[in-house]
Amino acid sequence: MAGLLSASLPMIAAAQDNATIGFLLKTMQEARYQTDKSLFIARAESQGADVIFDSSGNDPLRQLQQVEEMLESGVDVLVLQPVNTATAGALVDLAHDQGVKVVGYDSMLQDGPLDVMVMQDSWAVGQLQAEAMVDWLNDTRGEVKGRVALIRGQPGDANAEALSSGVLKVIADHPGLELVADRSHVDWSPDMARDTAENLLVEYDNDIDAFIANNSGLAFGVLAALSDEDLASADQVFVAGSDADLKNVQMVANDIQALEIWKQIKPLAYEAADIAVKIAQSPDAEISELIGEHTLIDNGFAEIPTVVTPVSAVSKDTIDSTVIDGGFYTSEQIYQN
């Protein structure tokens, strides 16, 4: 897939008068979404657009109501991160019925129409997590052998599926690895992830080598369970998350968690805002003429023009060169000095 930094799309001088973008996230549960929200709004407003923002609390019915309200308010373009990727095609149909194009954000909806998608390579995120686990096992155990638990997010979520597929491919390539659990967690719940980890630790008498979680919140729940057993240490159990929430990166810095994945938010939010404003400016233009370099991804309904943004592994050794040098966090925030 071809990655694309926000700098490759030129800044737009000014959006058409009264251009309004609807930006709807599935949740604000994870800390990263405050960054998505602020960066997207600032980018769109800097180009003269107004932004109507909302989030859905991981509730698909609430998201349906919010989409209807945004369409009634007269948004020119809808930027949508779906709660339920399997059914969100109906939301796009609602927008299309009113002549409003939809930019998918972060999570690709399945088997439904979509005008354009902006996302990270979620499969690559899972691959990075699992490859880091392989290296960790070599370093700490002397061989790639051990018990692994995969802690998934929302059941049926396309993003959770892609993240997990990247992990499972690496596990399948190493016969010494035993997948002892592959569990989904409604609403990406850290509390449910903690319960899962607690039950697995009881079942296997604390003998689990690695937990790979689809996001930072799930990893935090796992670490809470490990802490109860005095196992919350990157030297004892490998734990990987994704989203690079601050508390998780702090735990990486303190040798509590082994790995986070930094799904760079600025290029994701900037690309989505730029594309949405361009569509608002030129609603009749071909999407391919507006988005520059992209790839086509089949979501089961059609091949969707997709802009893919970067991801990076964050270990104790790479914190400074990734999230700090990239301006995501300051050294003071992470090291609390």
Side-chain angles (χ1 to χ4, degrees), residues 1-10 12 21-26 36 40 43 67 76-97 99-128 156-169 214 242 261 263-312:
M1 294 182 181
L4 188 64
L5 290 173
S6 60
S8 64
L9 278 179
I12 301 161
I21 311 299
F23 184 36
L24 184 52
L25 292 176
K26 66 181 180 180
D36 292 75
F40 181 96
R43 182 73 164 191
V67 168
D76 298 294
V77 179
L78 177 64
V79 180
L80 174 68
Q81 183 194 39
V83 171
N84 188 326
T85 57
T87 62
L91 305 181
V92 181
D93 285 333
L94 287 175
H96 285 175
D97 287 345
V100 174
K101 288 187 169 67
V102 180
V103 179
Y105 188 84
D106 190 46
S107 301
M108 174 78 83
L109 63 86
Q110 300 299 297
D111 298 316
L114 195 62
D115 296 289
V116 59
M117 183 73 206
V118 183
M119 64 184 291
Q120 292 118 348
D121 187 345
S122 295
W123 194 93
V125 171
Q127 182 182 38
L128 284 172
D157 182 87
N159 219 26
E161 178 62 30
L163 289 159
S164 301
S165 294
V167 174
L168 294 172
K169 174 63 169 62
N214 282 171
S242 172
I261 302 296
K263 301 191 291 187
Q264 299 181 34
I265 307 302
K266 181 178 285 187
L268 179 73
Y270 277 15
E271 291 286 0
D274 288 349
I275 288 169
V277 174
K278 279 195 166 189
I279 292 173
Q281 277 191 308
S282 306
D284 297 325
E286 292 291 330
I287 292 294
S288 59
E289 297 175 1
L290 299 178
I291 65 175
E293 186 180 355
H294 62 280
T295 188
L296 296 175
I297 296 180
D298 189 346
N299 77 340
F301 179 86
E303 290 192 330
I304 308 300
T306 303
V307 176
V308 182
T309 60
V311 297
S312 303

Tell me the closest heavy-atom pair linking [X] and [Y], and the distance in Å.
X      : Y      : value
Ala276 : Val77  : O-CG2, 3.5 Å
Ala88  : Pro82  : CB-CB, 3.4 Å
Ser242 : Val125 : OG-CG1, 3.4 Å
Val79  : Ala272 : CG1-CB, 4.4 Å
Gln120 : Pro310 : CG-O, 4.1 Å
Ile21  : Ala280 : CD1-CB, 4.2 Å

* Asked: Would you say Met108 and Thr85 make side-chain contact, with heavy atoms under 4.5 Å?
  ->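 No, side chains not in contact.
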* To do: Just do the side-chain contact (heavy atoms from CB on, under 4.5 Å) check on Val116 and Lys101 with the steps written out, would you?
  => CA-CA 9 Å; Val116 59; Lys101 288 187 169 67; over 6 Å; no
* Please work out which of the three classes, parallel, tilted or perpendicular, describes the rings of Phe40 and Phe23, given edges at 30° and 60°. =>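 Parallel, since the angle between the ring planes stays under 30°.
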Atom pair [atom1] ([X]) and [atom2] ([Y]), whose distance is rounded to the nearest 0.5 Å:
X      : Y      : atom1 : atom2 : answer
Ile279 : Asp284 : CD1   : CG    : 11.5 Å
Gln110 : Asn299 : CD    : CG    : 5.5 Å
Ile275 : Asp115 : CD1   : CG    : 11.5 Å
Lys26  : Leu80  : NZ    : CG    : 11.0 Å
Leu296 : Ile304 : CG    : CD1   : 9.0 Å
Glu293 : Ile291 : CD    : CD1   : 10.0 Å

* Just jot down the side chain to side chain contact (heavy atoms under 4.5 Å, CB included) partners of Ala285, sequence neighbours excluded, or say none. =>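 Here the qualifying residues are Ser282, Glu289, Leu290.
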* Asked: With sequence neighbours excluded, what pairs up with Ser122 under the side chain to side chain contact (heavy atoms under 4.5 Å, CB included) test?
  -> Asn159, Ala162, Leu163
* When you look at CD of Glu286, are more than 12 heavy atoms from neighbouring residues, nucleotides or ligands closer to it than 6.0 Å? -> no
* For side-chain contact (heavy atoms from CB on, under 4.5 Å), just list the numbers for Leu109 and Leu114, CA-CA rounded to whole Å, side-chain angles, deciding distance to a tenth of an Å, and then say yes or no. => CA-CA 8 Å; Leu109 63 86; Leu114 195 62; 3.8 Å; yes
* Asked: When you measure from the side chain of Asp93 to the backbone N and O of His96, does any donor-acceptor pair fall under 3.5 Å?
  ->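 Checking the backbone N and O of His96 against the side chain of Asp93, no donor-acceptor pair under 3.5 Å is found.
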* Residue among Gln81, Met117, Glu271 satisfying side-chain contact (heavy atoms from CB on, under 4.5 Å) with Tyr105 -> Gln81
* **Candidate pair Thr306 and Met119, rule side-chain contact (heavy atoms from CB on, under 4.5 Å), full reasoning** => CA-CA 7 Å; Thr306 303; Met119 64 184 291; 3.7 Å; yes
